[in-house]
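These numbers were taken from a predicted model, which means no experiment stands behind them. Nothing fancy with the numbering, it's 1 onward along the sequence.
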Amino acid sequence: DTAGATYLTRLTLPVRVNGELRAVAGMDIRLDPIGRKIDGLQRKNEGRHYFVVTGKGTLISGPAGINPDAFFQSLPQEIQKAVTEGQSWSASATCPVDGEPARIFISPLSTPGSRWALGIILDETYLLADAVKMRNWTWLLGAAALLILFFLIRYVGRDISIPINRLSGSLNEGVYQ
């Protein structure tokens with residue numbers, strides 16, 4: 001249900017007295033606070049995009065600057081199927097926002113009478129940034145350890161080889177008896 005440009009969801013419950021239906025109580029819940037919360041998350045987190053979509057493909061809230069009518073269709077077929085069937089899904093795919101490689105996670109939201117899903121799109125560069133830093137530090141520390149080991153072997157080897165060279169020189173000259 002919509003009122004102007006604001007999305008609503010309706011919560012209704014039967015009122016029974018002695019097992020007999022007497023009334024139906026209900027209320028409309030505005031969804032724009034959810035959209036504002038997700039928009040705030042988008043602004044704070046580079047490399048991450050959040051969206052809420054209905055099981056029919058209606059975008060409730062999503063990344064800024066996208067066409068809400070085309071967003072759901074731009075998602076891979078597996079995601080569309082997971083959303084419409086109320087299933088969780090995650091896999092690597094192309095980000096529909098910027099076309100970069102991304103990991104997309106979908107989780108169904110529990111809403112009575114309808115299927116909704118929360119989606120998170122993580123850019124692979126953002127997702128792997130810490131792993132890349134760790135790899136670079138590992139290479140640097142490994143190179144430093146090899147350099148230290150080289151000089152240590154050279155220093156210790158020299159201390160061992162000097163007396164051996166003197167001894168062999170003395171044996172060759174016949175000085176050592």
Side-chain angles (χ1 to χ4, degrees), residues 1-2 5-11 29-159:
D1 193 9
T2 60
T6 302
Y7 285 103
L8 303 172
T9 189
R10 182 167 288 137
L11 175 64
I29 301 169
R30 293 177 57 150
L31 298 177
D32 54 334
I34 295 170
R36 282 194 303 274
K37 185 71 169 171
I38 289 176
D39 289 343
L41 287 172
Q42 313 253 42
R43 283 191 287 281
K44 288 186 217 170
N45 297 298
E46 289 294 319
R48 296 179 243 181
H49 307 287
Y50 304 89
F51 61 92
V52 175
V53 65
T54 68
K56 294 180 181 178
T58 303
L59 183 67
I60 301 300
S61 180
I66 61 162
N67 179 350
D69 298 325
F71 179 76
F72 188 71
Q73 298 304 320
S74 70
L75 296 172
Q77 291 290 343
E78 298 89 8
I79 296 176
Q80 294 178 32
K81 182 179 178 189
V83 169
T84 56
E85 294 177 359
Q87 298 175 352
S88 295
W89 187 86
S90 77
S92 293
T94 301
C95 178
V97 178
D98 57 18
E100 296 294 322
R103 185 85 182 169
I104 302 176
F105 300 88
I106 298 291
S107 181
L109 297 173
S110 296
T111 55
S114 63
R115 289 198 172 128
W116 287 30
L118 171 66
I120 301 172
I121 304 169
L122 299 174
D123 293 342
E124 281 189 2
T125 53
Y126 168 80
L127 192 60
L128 298 174
D130 289 338
V132 169
K133 282 183 196 175
M134 189 181 307
R135 181 203 60 198
N136 293 344
W137 275 105
T138 302
W139 279 103
L140 182 63
L141 291 174
L146 285 174
L147 190 60
I148 291 169
L149 183 63
F150 172 76
F151 283 113
L152 187 62
I153 289 172
R154 186 172 168 121
Y155 177 74
V156 171
R158 187 177 53 155
D159 285 349

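Residues W89 and V83 have side chains not in contact (no heavy-atom distance under 4.5 Å, counting atoms from C-beta outward). Counting heavy atoms from C-beta outward, K81 and E85 have side chains that approach closer than 4.5 Å. Proximity of T138 to M134: side-chain heavy atoms (C-beta onward) are separated by under 4.5 Å at one or more points. Between Q80 and Q73 the shortest side-chain heavy-atom distance falls below 4.5 Å.
Atom CD1 of I121 is separated from atom CD1 of I106 by 7.5 Å, given to the nearest 0.5 angstrom. Note: D123 CG to L128 CG = 10.5 Å, rounded to the nearest 0.5 Å. Atom CD1 in I79 sits 11.0 Å away from atom CZ in F105 (nearest 0.5 Å). To the nearest 0.5 Å, atoms SG (C95) and CD1 (I104) are separated by 6.5 Å.
Summarising the geometry of G86 relative to P108, their closest heavy-atom pair is O-CG, 3.4 Å, with the distance given to 0.1 Å. Of all the heavy atoms in R103 and E124, the pair that sits closest is N-CG, 4.4 Å.
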